[in-house]
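Order of the sequence lines sets the chain letters (A, B, ...), proteins ahead of strands, with each chain counted from 1.
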Number of protein chains: 2
Amino acid sequence: MTNKINLNNLTKSEEDYLKALFQLLIEDDSVKVGNNQLAEYLKVSPASTNNMIKKLKAKDYVISEKYGKLDLTEEGKAIAVRLIRKHRLWETFLYNYLNFTWDEVHDVAEQLEHIKSQKLIDELDRFMDFPKNDPHGEIIPNADGEYFILPRITLSSLSEGDVCQLVAVDDGSVNFLKYVSKIGLVLSSEIKILEIREFDKSIRIQFDNTVETVTRKFADNVFVKKVV
Amino acid sequence: MTNKINLNNLTKSEEDYLKALFQLLIEDDSVKVGNNQLAEYLKVSPASTNNMIKKLKAKDYVISEKYGKLDLTEEGKAIAVRLIRKHRLWETFLYNYLNFTWDEVHDVAEQLEHIKSQKLIDELDRFMDFPKNDPHGEIIPNADGEYFILPRITLSSLSEGDVCQLVAVDDGSVNFLKYVSKIGLVLSSEIKILEIREFDKSIRIQFDNTVETVTRKFADNVFVKKVV
DNA sequence: TAAAAAAGTTAGCTATGACTAACAAGATAA
DNA sequence: TTATCTTGTTAGTCATAGCTAACTTTTTTA
Ligand SMILES: [Mn+2]
Ligand SMILES: [Mn+2]
Ligand SMILES: [Mn+2]
Ligand SMILES: [Mn+2]
């Protein structure tokens, strides 16, 4: 009787629900996650999530009381972290070896993360010499299933005159990523906040001798660490 | 209106059926393929294949008359060939870059061949510098969808005294492939037929200073070209 | 604190892709 | 040529995973 978690008898859907719940639980730190919120995140109906949550509770991956909020068991979390590890390793492979761009990697990694083979992911990791971060700057969970969150704040939380360094970008929107690339921002870019316009909260930033004005919504998706 | 075939709206099952039918049609050259034969090959019930064939006929990938034999349309064939291309490119990647063994690649490639991304497969091909053969010796169909069959005969078809070179092995059985590796046979091995025992058709062969006796069944799965 | 809104649940439907059991058509053999 | 076997088809069932519509519970607001 080993202690190893069996990742191999979950459907693609079950995996996606566990990963989504994990991501909602860490995003809104300590804020409870509800059924409808999960439904909206996954773009399915509340009836669908309610149904799946029942199944995942029966399998001891999810905990919740009737009409109550959702939580993951340790096993549920472990499965989610392994999926995130696979997702980010594949994104790194596509980006570093197969000429995929920032905005192209996510959708294909969404498919590749469900391939069932422990050896495949171990060897991919070794082949790339155990990368630490994915192309969007996020930390890749290690083989032991340890999940670390990059210390970061959003660009929108800074004040005029602050200087920061780009550490990660949200990879949820292709259009956003194309936009980031187009204006020339890359990981580690040093960004100075020139001006925050009170009227619409738009922000004038400077980096690499470029000056751009970006919206608050844009700045919410850019993660930085403060330098000055 | 382009001439391109849309590979992206087929389910995994539909793809597997088209590929299976293609492989049966080229294996038993010109011999007709029936519903039950396809069912046995795919290890599903005849009712299941009958059902799927109806769907594939409606989509114009398969041709057949009621109670008649099965055939693929040009479009059906093109989809099958593209799947085989993906399968063999992934096997090559796993074998050449990720330390997978001969017998390990097939099952994972069965999953990877269904990932939907044209760029992924084009770039994987380029990354490996356009390999011509997969790890079992089979020819990888090119990007234009051309399918070539390796000129070959089975080891079992040779006579005493013949000398041949191993060009491919059947990749259907893990146990068979492990056995081939264990006795030391590799692609391009030069094999001499020392003796064919009439009693049970077992064959004594010699290669690289090794002498082995193999069964007829084994020799049926070893593909060679005659040297002498 | 009662009404309204939001959140969660249930019932019943659909599609896909398996299955078994019963049946029909075609091929083979006596 | 008729009986038998093989092959193919159909009907009906199940599991998975979606959906809508109706309902219940909880939370918020007036
Ligand atoms: Mn991603
Ligand atoms: Mn996914
Ligand atoms: Mn194979
Ligand atoms: Mn397949």
Query raised in the report: Sub-3.5 Å donor-acceptor pair from the side chain of B:His136 to the main-chain atoms of B:Trp102, do we have one?
Result: yes
For residues 63-71 of chain A, which side-chain donor-acceptor pairs fall under 3.5 Å, sequence neighbours excluded?
| unit_1 | atom_1 | unit_2 | atom_2 | d |
| --- | --- | --- | --- | --- |
| A:Ser64 | OG | A:Lys57 | NZ | 3.3 |

Query raised in the report: Under 4.0 Å between a side-chain N or O of B:Asn50 and OP1 or OP2 of D:dG8?
Result: no
Query - A:Asn35 side chain near C:dA7 phosphate (N/O to OP1/OP2, under 4.0 Å) - result: no
Distances under 3.5 Å between nitrogen or oxygen atoms of protein and nucleotides 11-14 of chain D:
none

Report task. Using whole Å, report how far CD of B:Glu14 lies from P of C:dA18. Result -> 10 Å
Query - Whole-Å distance separating the CG atom of B:Leu70 from the P atom of D:dT7 - result: 13 Å
**Report entry** Close side-chain approach of A:Ile84 and A:Glu138, heavy atoms under 4.5 Å
**Finding:** no
Report task. Look at A:Lys43 and D:dG18 and indicate whether a side-chain polar atom (N or O) is within less than 4.0 Å of OP1 or OP2. Result -> no
Query raised in the report: Does A:Lys77 have any salt bridge (charged side-chain N to carboxylate O under 4.0 Å, His left out) partners at least two apart in sequence or in another chain, and if so, which?
Result: A:Glu74
Report task. Kindly say if B:Tyr17 contacts the phosphate of C:dA18, meaning a side-chain N or O under 4.0 Å from OP1 or OP2. Result -> yes
**Report entry** Short side-chain N/O contact from B:Lys66 to OP1 or OP2 of D:dT10, under 4.0 Å
**Finding:** yes
Query - Of all pairs that satisfy salt bridge (charged side-chain N to carboxylate O under 4.0 Å, His left out), the ones with a partner from residues 215-226 of chain A, not counting sequence neighbours - result: A:Asp162-A:Lys226, A:Arg216-A:Asp220
Query raised in the report: Could you give the NZ-to-P distance, from A:Lys59 to D:dT16, as a whole number of Å?
Result: 8 Å
Report task. Have a look at B:Thr11 and say if it touches a base, only the backbone sugar-phosphate, or nothing, with a 4.0 Å heavy-atom cut-off. Result -> sugar-phosphate
Query - Listed partners of B:Phe223 passing ring-ring contact (aromatic ring centres under 6.0 Å, His included), at least two apart - result: none
Query raised in the report: From D:dT26, C:dT16, C:dA18, pick the nucleotide closest to the side chain of B:Ser13?
Result: C:dA18
Query - Residue B:Tyr67, side-chain atoms from C-beta onward, closest of C:dT9, C:dG26, C:dC19 - result: C:dG26
Query raised in the report: Which is true for B:Lys12 with a 4.0 Å heavy-atom rule: it touches a base, it touches only sugar-phosphate, or it touches nothing?
Result: nothing
Report summary line: Rounded to whole Å, the CG-C1' distance (B:Leu38 to D:dT7) equals 13 Å
Query raised in the report: Taking only residues two or more places apart in sequence, or in another chain, which ones meet B:Glu91 in a salt bridge (charged side-chain N to carboxylate O under 4.0 Å, His left out)?
Result: none
**Report entry** Protein-nucleotide distance (B:Met52, atom CE; C:dT16, atom C1'), rounded to Å
**Finding:** 8 Å
Report summary line: Rounded to whole Å, the CG-P distance (A:Asn51 to C:dT10) equals 10 Å
Query raised in the report: Within the pair A:Ser45 and D:dC19, is there a side-chain N or O less than 4.0 Å away from OP1 or OP2?
Result: yes
Query raised in the report: Just how far, in rounded Å, is C1' of D:dC19 from CG of A:Leu42?
Result: 15 Å
Requested in this report: Using atom CD of A:Gln37 as one end and atom P of C:dG8 as the other, report the distance to the nearest whole Å.
Outcome: 8 Å
Report task. Evaluate the ring planes of B:Phe93 and A:Phe93, with Trp represented by its six-membered ring, and classify them as parallel (under 30°), tilted (30 to 60°) or perpendicular (over 60°). Result -> tilted
Requested in this report: Report yes if at least one side-chain N or O of A:Lys69 is closer than 4.0 Å to OP1 or OP2 of C:dA7; otherwise report no.
Outcome: no
